[in-house]
Amino acid sequence: IEESVHREYDSTLRRVRDAVLHLNTENMKQAQKAEMAQYVGVSVIYFVGAVSCIFRNTSTGTLYAFLSSMTAILSTLSAWLQMGLQRSSAQSGMDAIMDILHREIDVPNLPPEQCADIRNAQRTAAAAQTPCIRFDHVCFAYENTEIFRDFSCQLRRGESVALVGASGSGKSTFSKLLLRLYDVQSGSVELYGHNVKDYDLHELRTRFGVVPQNTAIFYGTVWSNVKIARPEATDEEVHRAMAIAHVNDFLGDLEHGCDTVVGNGGRELSGGQRQRIGIARAVLGKPDILVFDEATSALDNLSEQAIQHAMEDLMKEHTVIMIAHRLTTIRNVDRVMVFDHGRIVEDGSYQALAEKENGVFHKMLTLGETT
Ligand code: ADP
């Protein structure tokens with residue numbers, strides 16, 4: 001693999017080098033032609049001027065004045081042409097930017113007056129015991145890849161659910177549809193009894209705390225890296241989020257605690273430490289539903305345990321959707337849904353599925369599979 005990546009990188013670099021060389025050569029040729037034309041023009045004028053001085057009694061003063069004005073006119077003309085060239089190259093850049101800006105948004109937002117009130121819906125759903133999340137006969141495909149066909153399922157409020165299954169089986173797409181990163185082609189995705197399309201997009205997304213597989217760390221202190229999730233949060237709230245996410249456990253190892261500068265150019269953090277910062281960010285946003293995309297690579301033992309404890313605490317108070325890649329981390333969820341090619345092939349408690357002889361989950365556990 002390494003060799004083929006090297007080869008591809010080499011050939012791409014060579015193509016870029018050839019293109020840049022070609023562009024520079026063409027530019028030089030054009031510039032050379034323009035300069036040649038200018039010199040020939042000036043030479044002709046000097047020649048005609050000299051002849052006129054010799055044979056037609058033109059004074060050298062007149063010739064000198066004429067040549068000076070010619071030079072001024074030529075340099076203005078050349079600046080004007082240069083500006084034209086710059087304008088046309090800027091115009092093509094501008095066209096590309098405008099093309100992006102005017103592109104239709106895939107997930108349109110309703111006008112504010114038509115949006116359902118998400119907090120009201122949440123209260124009503126809690127009182128009526130309506131499912132927190134409901135996928136109803138959903139069909140969804142990315143351009144040419146069909147993921148869900150007539151997919152239905154429900155999640156109760158407060159439930160913690162692990163989504164397991166082979167890579168590419170549709171687990172992440174499930175959460176992307178919830179957050180409306182994409183809209184379904186048919187059927188509906190509902191949150192608190194309303195179609196997700198009925199809510200204001202921003203309001204909808206603030207209900208979710210997403211912990212991505214790879215948390216981006218920005219250059220700055222640990223504190224600012226957590227606070228970025230909600231800049232108006234109080235110090236107490238930031239401290240609490242860091243405590244819940246077990247960020248505090250590793251602050252002692254950093255020379256300046258939460259004031260240690262991390263990120264590119266600062267102190268490097270391990271994958272487990274980064275993910276704990278990701279959890280703290282998600283918690284700081286005060287979400288109802290946590291979507292936790294587990295890291296695919298193995299974490300150090302301490303981080304693994306700390307994250308497990310953090311998630312167990314969070315499961316007590318939140319609805320948690322855990323996109324699980326390592327089956328050892330999901331023992332304490334209420335429910336496991338096994339995905340296979342966009343279908344839920346098994347659904348039940350960890351214990352029940354683990355004990356099901358010949359079951360898919362049972363086999364995954366026996367083989368110690370990860371996704
Ligand atoms: P999982 O989380 O179970 O690994 P995903 O939901 O990420 O699976 O992906 C399901 C399938 O959809 C995969 O085959 C993946 O290549 C494809 N896919 C995911 N995102 C996109 C996208 N933005 N555009 C096109 N295909 C995608």
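Note that ligands are numbered from 1 as they come in the structure, with each ligand's atoms numbered from 1 the same way. Reckoned from all heavy atoms, side chains included, excluding hydrogens, waters and symmetry mates. From a predicted model like this one, the values you see are computed outputs, not experimental measurements.
Ring pair F135/F174 is parallel by interplanar angle, where below 30° counts as parallel and above 60° as perpendicular. Ring geometry for F148 versus F151: interplanar angle of 30 to 60°, hence tilted.
When heavy-atom distances to ligand 1 are checked against 4.0 Å, the residues falling inside are Y142, I147, A166, S167, G168, S169, G170, K171, S172, T173, K176, Y182, ordered by chain and number.
The hydrophobic cluster around L251 extends to I217, V222, W223, V226, V238, M242, V247, F250, L254, V262, L269, I277, L284, counting ILVMFWY residues whose side-chain heavy atoms fall within less than 4.5 Å of a member.
The list of salt bridge (Lys or Arg N to Asp or Glu O under 4.0 Å) pairs with a residue in residues 87-100, not counting sequence neighbours, reads D99-R103. Pairs engaging residues 338-351 under the salt bridge (Lys or Arg N to Asp or Glu O under 4.0 Å) rule: R335-D347, E346-K356 [sequence neighbours left out].
Using a 4.5 Å cut-off between side-chain heavy atoms of Ile, Leu, Val, Met, Phe, Trp and Tyr, with links allowed through other members, L81 and L74 fall into different hydrophobic clusters.
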